[in-house]
There are 2 protein chains.
Amino acid sequence: MSQVTMIARPASTAQQVHDWLHQRIIQGDLLPGARLSETEIAEQIGLSRQPVREAFIRLASDGLAEVRPQRGTYIGKISVSAVLSARLIREAVESDLAAMVAGSGADLAAMRAELDVQDQANITGDVAAFIASDDRFHCAMALAAGQAAVWNDLERLKSQMNRLRHLSMRVFDRSATIAQHRAILTALEQGDGDAAQTAVRTHLRQMLTELPQIAAAHPDYFTE
Amino acid sequence: MSQVTMIARPASTAQQVHDWLHQRIIQGDLLPGARLSETEIAEQIGLSRQPVREAFIRLASDGLAEVRPQRGTYIGKISVSAVLSARLIREAVESDLAAMVAGSGADLAAMRAELDVQDQANITGDVAAFIASDDRFHCAMALAAGQAAVWNDLERLKSQMNRLRHLSMRVFDRSATIAQHRAILTALEQGDGDAAQTAVRTHLRQMLTELPQIAAAHPDYFTE
DNA sequence: GACACTTTACTTGTATGGAAGTATGGAATA
DNA sequence: TATTCCATACTTCCATACAAGTAAAGTGTC
């Protein structure tokens, strides 16, 4: 925890607007291709256009929005190739992380706890809670490997995949995801690095079969 | 090539300022911890503060600058942990890419050509040219694997490592780097996936020994 | 001389006005 | 009816002015 976050100085208005829109986009509240208006949002929250504009610039840097000069700002569509490359990167990195954890004897209680949360969320049908726990499960593995910074660096890539999941989770089987998570954790607990790597790669390759189906179901939300 | 790029519309001023500063930071022209003034740069290039300010916001999103409200904007110091995690990610990803290329029979002429460029740059001592060719060598491998998008996604991480290399290349042995590149290419040409992966990992682990030395030589430029 | 306080200059943050460019709808014309 | 032209409203971009906060220099006091 850095000093900046310890000293409770409220973030700038522009930053708050950015965070607010960022979350709404990730959660699928603002849909791909939708229009964003500086003046409209500014009036909506009682600010001038400038901080809203700067929030848009940040969103564009995040790859979540597209500012077209003199035309308008739009929620970025989900790039199929971007999702595929993000998936490939995650598979490569998390496979290595799994190998590091398997031989280390690190504490895996956090991962096991998330499995219980996912079971609950699956029963109650709370999609948002399930996705959040899914994220924390993978994050816990990175922490077990002592690589918290790696997880932060993947944040940008994960955000694109999370948008996809918020579209897909209503359709696809969460039980299968839980089973895959359980396979990963079992292999880690047994200290079987090769099995853990295989389980991670199998899990993350699941998206290769899901992506075409989701893209076909929502063609307007995707590009490339 | 998309229509957008065909119609040669000049980028916005803020974007140009951002690109200019981005390049100067990566090349080590603007050193870590140095101060950036909105008004100063604005006067320097004959613009108002606003576009410069928006360029700063983009740089902060890139992780290259830090805007401290009511205090000033500074070139971000090189985070040791960020470099380490970027290195780990590159090792994992490029190892997978090497395995994909080794079995594919893809054209490797581009990689071989870069080796010649690096030999030349090593002789003439042109550090910037060497680093640029080094980048293109690795990029060529990603292209040979049919994963251009992956290389783009790693851009953010590479920029931090490139800042480091512009500090280190004046010190460290470029011939060793070339030998490592040659080992990678040889393994790929022989179709030996395992050897290629090993060569890639060995090459990228070189930084693990270089980083502490560079950080010790320039303690003011690093953090964490 | 050392210390506490005040002032002053300087920083980024926000508001507002206008400039440049785009898209849309309607009117005039063939 | 179809097409071209144009006026109008809208968008983002940039310039300017002001507000809020920080830091450092200066000043007075002990």
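Proteins get letters first, then strands, A, B, ... in listed order; numbering begins at 1 in each. What you see below is based on every heavy atom in this structure, not just the backbone, and it leaves out hydrogens, waters and symmetry mates.
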- [ ] State the CG-CG distance between B:D62 and B:L21, to the nearest 0.5 angstrom.
- [x] 10.5 Å

Task: C:dC10 OP1/OP2 closer than 4.0 Å to side-chain N/O of B:T39 - done: no

Task: Sidechain N-carboxylate O distance under 4.0 Å for A:E54, B:R53 - done: yes

Task: Distance in angstrom units between B:R71 CZ and D:dA20 P, rounded - done: 19 Å

- [ ] Classify every nucleotide of nucleotides 13-20 of chain C by which part a protein heavy atom approaches to under 4.0 Å, writing B for the base, S for the sugar-phosphate alone and - for neither, in 5'-to-3' order.
- [x] BBBBBB-B

Task: Atom-to-atom span, CZ of A:F56 to C1' of D:dC14 - whole angstrom - done: 17 Å

TODO: Report the relative orientation of the aromatic rings in B:H203 and B:H181; use parallel for angles under 30°, tilted for 30 to 60°, perpendicular for over 60°.
DONE: perpendicular

Open item on the list: Please check if the number of heavy atoms outside B:Q23 that lie under 6.0 Å from its CD is greater than 12.
Closed with: no

Task: From NE2 (A:H22) to OG (A:S159), nearest 0.5 Å - done: 5.5 Å

